[in-house]
Amino acid sequence: MKKSTRKNSAVGILHRRYIGDNETRKASVQAERINVEIAQKIYEIRKEAGLSQKALADLVETTQSVISRLEDADYEGHSLSMLYRIAKVLGRDIIIEMPSKEAPDKNSSNADCNIIRFAFREVIRGLRLRNGLTIDKLANKAQIDKEEILAMERDPNYIPSPLALFKISNFYKIPQRKLAVLAGAIKEIPQSFRDEASRFAAQSESFSKLTDEEKEFIDRFVAFLREESK
């Protein structure tokens, strides 16, 4: 599975703004990001192939639950052999890359939009983890299709439907308009909103597991989202 050559400039900006030279934080972020990237890549190529989790499982001679775990950003048990089997049946190659450090991003406006949408994905995933929910349980409780939740958490180009935003808004008691801004459905973004979303996104890169500190970051950002607009 060849990793896209397009760099995530939004994350690069977040590193420079909020993580800097903190080696411990950078190491933690990198370890967690690997799990997230693998899970997202498997999800993306499965969707591109038009396959359900069960259909892909049948092709690689495993079970649907295995594919579900592989697409879970919380999962840490990825094996190269299983990744190779998935890549083979989908006509992909596995290439390990060690890219150089990113140059400073020159398109800050576009990068800021990417940061905000990154914050949307992380707050949806972080709230699910904060409430101790699996994707299946959230789909059942919020009455949202499981594939839509997966897309909200993992697809950087996905904009949820108005109905999905309405349901997730009701479930988490967050104003629908603010979720729509985060998801990229509304283009006019106040500077204060950009700033809060950027601060949250900078702290959320390791949200595959929640520490007490990370729970506090989520609670603080959700409190901001729930504030009445002035």
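Count residues from 1 along the sequence. Heavy-atom basis, side chains included; hydrogens, waters and symmetry copies ignored.
Between the CD atom of E148 and the CG atom of D155 there is a distance of 11.0 Å, given to the nearest 0.5 Å. Of the inter-residue distances, the one linking K88 atom NZ with R85 atom CZ reads 10.5 Å to the nearest 0.5 angstrom. Note: D145 CG to L163 CG = 11.0 Å, rounded to the nearest 0.5 Å. Here the CG-OG1 distance, from L129 to T134, works out to 10.0 Å after rounding to the nearest 0.5 Å. One finds the CD atom of Q176 at 12.0 Å from the NZ atom of K167 (value rounded to the nearest 0.5 Å). Taking CD1 of I168 as the start and CD1 of I174 as the end, the distance is 8.5 Å to the nearest 0.5 Å.
Annotation: side-chain contact (heavy atoms from CB on, under 4.5 Å) contacts of N140 (sequence neighbours excluded): Q143. Judged as a salt bridge (Lys or Arg N to Asp or Glu O under 4.0 Å), and not counting sequence neighbours, E61 has no contacts. A search for side-chain contact (heavy atoms from CB on, under 4.5 Å) contacts involving R177 returns I186, not counting sequence neighbours. For Y43, the side-chain hydrogen bond (donor to acceptor under 3.5 Å, both in side chains) test picks out no residue, with sequence neighbours left out. With sequence neighbours left out, the side-chain contact (heavy atoms from CB on, under 4.5 Å) criterion links Q64 to Q53, K54, S68, K146. Evaluation of the salt bridge (Lys or Arg N to Asp or Glu O under 4.0 Å) rule for R220 yields E216 as partners, not counting sequence neighbours. For S65, the side-chain hydrogen bond (donor to acceptor under 3.5 Å, both in side chains) partners two or more places apart in sequence, or in a different chain, are T63. In terms of the salt bridge (Lys or Arg N to Asp or Glu O under 4.0 Å) criterion, residue partners of K47 (sequence neighbours excluded) are, by chain and number, E147. The side-chain hydrogen bond (donor to acceptor under 3.5 Å, both in side chains) test applied to D219 returns R130, not counting sequence neighbours. Residues satisfying the side-chain hydrogen bond (donor to acceptor under 3.5 Å, both in side chains) test with E188, not counting sequence neighbours, are none. Residues satisfying the side-chain contact (heavy atoms from CB on, under 4.5 Å) criterion with P156, sequence neighbours excluded, are Q40, E44, R121.
Using a 4.5 Å cut-off on side-chain heavy atoms (C-beta onward), R117 and L182 make no contact. When side chains are defined from C-beta on, K41 does not count as touching I38, because their heavy atoms never get closer than 4.5 Å. With a 4.5 Å cut-off on side-chain heavy atoms, L51 and L59 count as touching. Using a 4.5 Å cut-off on side-chain heavy atoms (C-beta onward), L138 and I144 make no contact. Annotation: side chain of L56 is in contact with side chain of V89 (closest heavy-atom distance under 4.5 Å).
No chain of hydrophobic side-chain contacts below 4.5 Å, direct or via other Ile, Leu, Val, Met, Phe, Trp or Tyr residues, connects F166 to Y158. A continuous path of hydrophobic side-chain contacts links F221 to L133 [ILVMFWY only; heavy atoms under 4.5 Å]. If you chain together hydrophobic residues whose side chains sit under 4.5 Å apart, I115 and I159 never meet in one group.
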Inset, instruction - Would you check, one step at a time, whether the test side-chain contact (heavy atoms from CB on, under 4.5 Å) holds for L225 with E196? - result: CA-CA 9 Å; L225 292 175; E196 288 295 332; over 6 Å; no

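In terms of heavy atoms, V181 sits closest to I116 at O-CG2, 3.8 Å. The heavy-atom pair separating R46 from L150 by the smallest distance is NH2-CD1, 4.1 Å. Of all the heavy atoms in S169 and P175, the pair that sits closest is OG-C, 3.7 Å.
A salt bridge is defined here as a Lys NZ or Arg NE, NH1 or NH2 lying under 4.0 Å from an Asp or Glu carboxylate O, and R128 with E153 meets this definition.
Evaluation of the ring-ring contact (aromatic ring centres under 6.0 Å, His included) test over residues 170-194, restricted to residues two or more places apart or in two chains, returns F193-F224.
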